[in-house]
Amino acid sequence: MITVTLKDGSTKQCEAGMTLYELALDLGPRLAKAACAGSVNGENVDLRTALTEDCTVEIFTFDTPEGKHAFWHSASHVLAQAVLRLFPGAKFAIGPAIANGFYYDFDMDTPFTAEDLPMIEEEMARIVKEALPIEQFHLSANKALELFKNQPYKQELIQKHAAAGEAISLYRQGEFTDLCAGPHLMDTSPIRAIKLTSATGAYWHGDSRLPMLSRIYGTAYPKQGELDAYLAMLEEAKKRDHRKLGKELELFALLDEGPGFPFFLPNGMVVRNNLLDYWREVHHRYGYSEIATPIVLNQELWHRSGHWDHYKNNMYTTKVDEGDYAIKPMNCPGGMLVYKTKMHSYRDLPLRMAELGLVHRHEMSGALHGLMRVRAFTQDDAHIFMTPAQIKEEIIGVINLFDELYSRFGLAYNIELSTMPDDHMGDEAVWRMAEADLQEAMESIGRTFTVNPGDGAFYGPKLDFHLLDALGRTWQCGTVQLDFQMPERFELEYIAEDGKPHRPVMIHRAGLGSIERFIGILIEHFAGAFPTWLAPVQAKLVPISEAHHEYAERVRQQLDAAGIRVENDTRNEKMNYKIREAQLKKVPYILVMGDKEMEANTVAVRARKEANGGVKSVDDFIAMVQAEVANREL
RNA sequence: GCUGGUGUGGCUCAGGGGUAGAGCAGCGCACUCGUAAUGCGCAGGUCGACAGUUCGAAUCUGUCCACCAGCUCCA
């Protein structure tokens, strides 16, 4: 007998050799039915894994990230199997599980198109029906090379694994065998609802010098209803696309004359300015001052900061009076120079200087995407200068500030810690210390996070904040980067209590990330229906006929004087037409006025949230909207 | 940047080697209306740019530009 410790801490005596699946069955048939994979002592494994000694185990159903991963990974194998049945000459490369499904890359004489997908889906459904057991086995590298003798991509992978001294793990389902580390489902039968979503090109190893393969993306669920819900979410996302809404609501424009350089239209500017008012209010409360630094600075500065060595491919350069200059891709060097404009005492620290800095970065033309990925954007940046002893508390302060910022919009988030990349400045020891500081700060306030190894900035490790919007999609916005390098390079100093100069530590941080991207996210999150405090037009007046135009104009003046963004629709159109249009423009309040309202000095309120908002006096309506805006209600 | 696709009035789109089409929006007129589209009329485009083929190109070919889906990258 062995002792098995379950996730909840309880223990169970089992016979040695019992498999995870049998354990799940023992815990409950429903759990066993829903189980996708499991873990033994923290290692993710198949349900077929036998338990041979005392251990800690976990069972993953589809509702867990690990369970979904195994499910989708198995689905990708089913995809490859179906393709090989239909196209026996196909060369197959790799096929992992990804965020919302899976893909598989193939080398085809004729690349797949959308028309090929239904046929492949049908073949996949057949494989699922066959309920083929999925079983792991191992081979020597030579035998594996022999098995995949007509599969050059698999051969390359086998050789790579063999060279690294790794075992060659394979999975078999029916006639299909793939090189794979797993874990996988026990058989193909649970993959009942499948949708192949697209066929595109993708480079082998993601390297544009290598051959382009034909990639099929798909997703799969245990139940048709769950797949339908996911597909409905994709449809909804399409309707909320900020590029479409940005045009319809006249928020911003992207023109041929400036690819990747967005134009903000009057409506978009209202959203932006109100967002920034809020941002300034919060930063003031958290003890930040605000600065502005130049967009064009000389190249010597960029050499000193290290950007020239690590970032010049993304930088625009220019000449000023024969001198070499660059357009800033980041705000930090400017912030350094501001710090150096005077002597600092330890009493000044921590010094928090924020900057809404317009940066320009040359992104590849194919990477541009609406407001989400542009070549010029405004970062809500800040640099915090402090003593090493203040690091933890400052990081906590930043996390709390970000929490407040995001909650205002109803955006949930999760945090990732990105560690030292290959291309970095400074010694590893300093990096590890900085990583530990970030980690300890989060742990001390009970924040959970995941680690993203090797993904830090070239000057320091960072925390990335990934926001979750109304559709459950994630967006990277906030970032907190701890930097020991830049203060060194710029020889920053403060005078400590001992009267001697010391080097401060610095935090770079941006909460909204990029104002442009954040507005894009808000557009999609709210589906263009901004909360009243952000709405470009807060109230639309709809006089029923010409007889009411004069009254409507008086009301307009009253609302305008009360600071409400109001428009009076006096066009020669029917009321229903005007209401429909205001509704499509997602105006929070539509005020209809006819004889009754004119007589009683009232307005008939039609709120976006509830169609019949009742009849209110003009004063009551003003008070209501003012309160809603003052509280920045969602 | 690479692979594939797209580019026709402000917007959404049809057409397609023989002298530019619709709906919406805009403008004018009539209607004066009670909670999601009143009717009639008018105006608006050298069909992304540049070359080429042709008697003739928006339509065919080439190059370029922009956009879209991916790859890659990231705020």
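Hydrogens, waters and symmetry mates play no part in the numbers below; they use all other heavy atoms, side chains included. In the text below, chain A, chain B and the rest are named by the order of the sequence lines, each starting its count at 1. On a predicted model such as this, the values are computed, not experimentally measured, just so you know.
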Asks: Would you tabulate the pairs of protein nitrogen or oxygen atoms and nucleotide nitrogen or oxygen atoms of nucleotides 36-44 of chain B closer than 3.5 angstrom?
Replies:
from	atom 1	to	atom 2	distance (Å)
A36(B)	N7	Arg606(A)	NH2	3.3
A37(B)	N9	Arg580(A)	NE	3.4
A37(B)	N7	Arg580(A)	NE	3.1
A37(B)	N7	Arg580(A)	NH1	3.0
A37(B)	N7	Arg580(A)	NH2	3.2
A37(B)	N6	Arg580(A)	NH2	2.3
A37(B)	N1	Arg580(A)	NH2	3.1

Asks: Select base, sugar-phosphate, or nothing to describe what Glu546(A) touches, counting heavy atoms under 4.0 Å on all strands.
Replies: base
Asks: At 4.0 Å (heavy atoms only), tell me whether Asn314(A) reaches a base, stays on the sugar-phosphate, or touches nothing.
Replies: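 Nothing: the residue Asn314(A), judged by heavy atoms under 4.0 Å, touches no strand.
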Asks: At 4.0 Å (heavy atoms only), tell me whether Ala604(A) reaches a base, stays on the sugar-phosphate, or touches nothing.
Replies: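 If one applies the 4.0 Å heavy-atom cut-off, Ala604(A) turns out to touch a base.
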Asks: Which is true for Ala510(A) with a 4.0 Å heavy-atom rule: it touches a base, it touches only sugar-phosphate, or it touches nothing?
Replies: nothing
Asks: Who are the side chain to side chain contact (heavy atoms under 4.5 Å, CB included) partners of His360(A), not counting sequence neighbours?
Replies: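 Phe261(A), Ile295(A), Tyr316(A), Ile327(A), Leu358(A), Ala376(A).
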Asks: Could you tell me whether Glu363(A) contacts a base, only the sugar-phosphate backbone, or nothing, with contacts defined as non-hydrogen atoms closer than 4.0 Å?
Replies: base
Asks: Students often get this wrong, so: under 4.0 angstrom with heavy atoms, is Glu597(A) touching a base, only sugar-phosphate, or nothing?
Replies: base
Asks: Please determine whether a side-chain nitrogen or oxygen atom of Lys462(A) lies at a distance below 4.0 Å from atom OP1 or OP2 of A75(B).
Replies: yes
Asks: Please name the nucleotide paired to G52(B) by Watson-Crick or G-U wobble geometry with both distances under 3.5 Å, or report none.
Replies: C60(B)
Asks: Reckon Ser545(A) touches a base, only the sugar-phosphate, or nothing at all at heavy-atom distances under 4.0 Å?
Replies: base
Asks: Under 3.5 Å for both donor-acceptor distances, Watson-Crick or wobble: does G21(B) have a partner, and if so which one?
Replies: C13(B)
Asks: Just name whichever nucleotide pairs with C42(B), Watson-Crick or G-U, keeping both distances under 3.5 Å, else none.
Replies: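 The answer is G26(B), by the H-bond criterion.
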Asks: Using Watson-Crick or G-U wobble geometry with both distances under 3.5 Å, which nucleotide pairs with C67(B)?
Replies: G5(B)
Asks: If C74(B) has a Watson-Crick or G-U wobble mate with both distances under 3.5 Å, name it; if not, just say none.
Replies: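 Partner of C74(B): none found under 3.5 Å.
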Asks: What is the separation between atom OH on Tyr551(A) and atom P on G34(B), rounded to the nearest whole Å?
Replies: 18 Å
Asks: Base, sugar-phosphate, or nothing for Val542(A), non-hydrogen atoms under 4.0 angstrom?
Replies: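 Result for Val542(A) = nothing.
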Asks: Taking C60(B) as the reference, what is the distance to C68(B) when you measure between their C1' atoms (whole Å, please)?
Replies: 25 Å
Asks: Once you measure the plane-to-plane angle for His369(A) and His242(A), does it fall in the parallel (<30°), tilted (30-60°) or perpendicular (>60°) bin?
Replies: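 Correct class here is tilted.
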Asks: For Lys596(A), which contact category applies under a 4.0 Å heavy-atom criterion: base, sugar-phosphate, or nothing?
Replies: base
Asks: Which is true for Arg509(A) with a 4.0 Å heavy-atom rule: it touches a base, it touches only sugar-phosphate, or it touches nothing?
Replies: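 No contact.
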Asks: If a protein heavy atom is under 4.0 Å from the base, mark B; if only from the sugar-phosphate, S; if neither, -; do that for nucleotides 62-68 of chain B going 5' to 3'.
Replies: ----SSS
Asks: Using a heavy-atom cut-off of 4.0 Å across all strands, would you classify Tyr217(A) as base, sugar-phosphate, or nothing?
Replies: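 Sugar-phosphate, no base atom in range.
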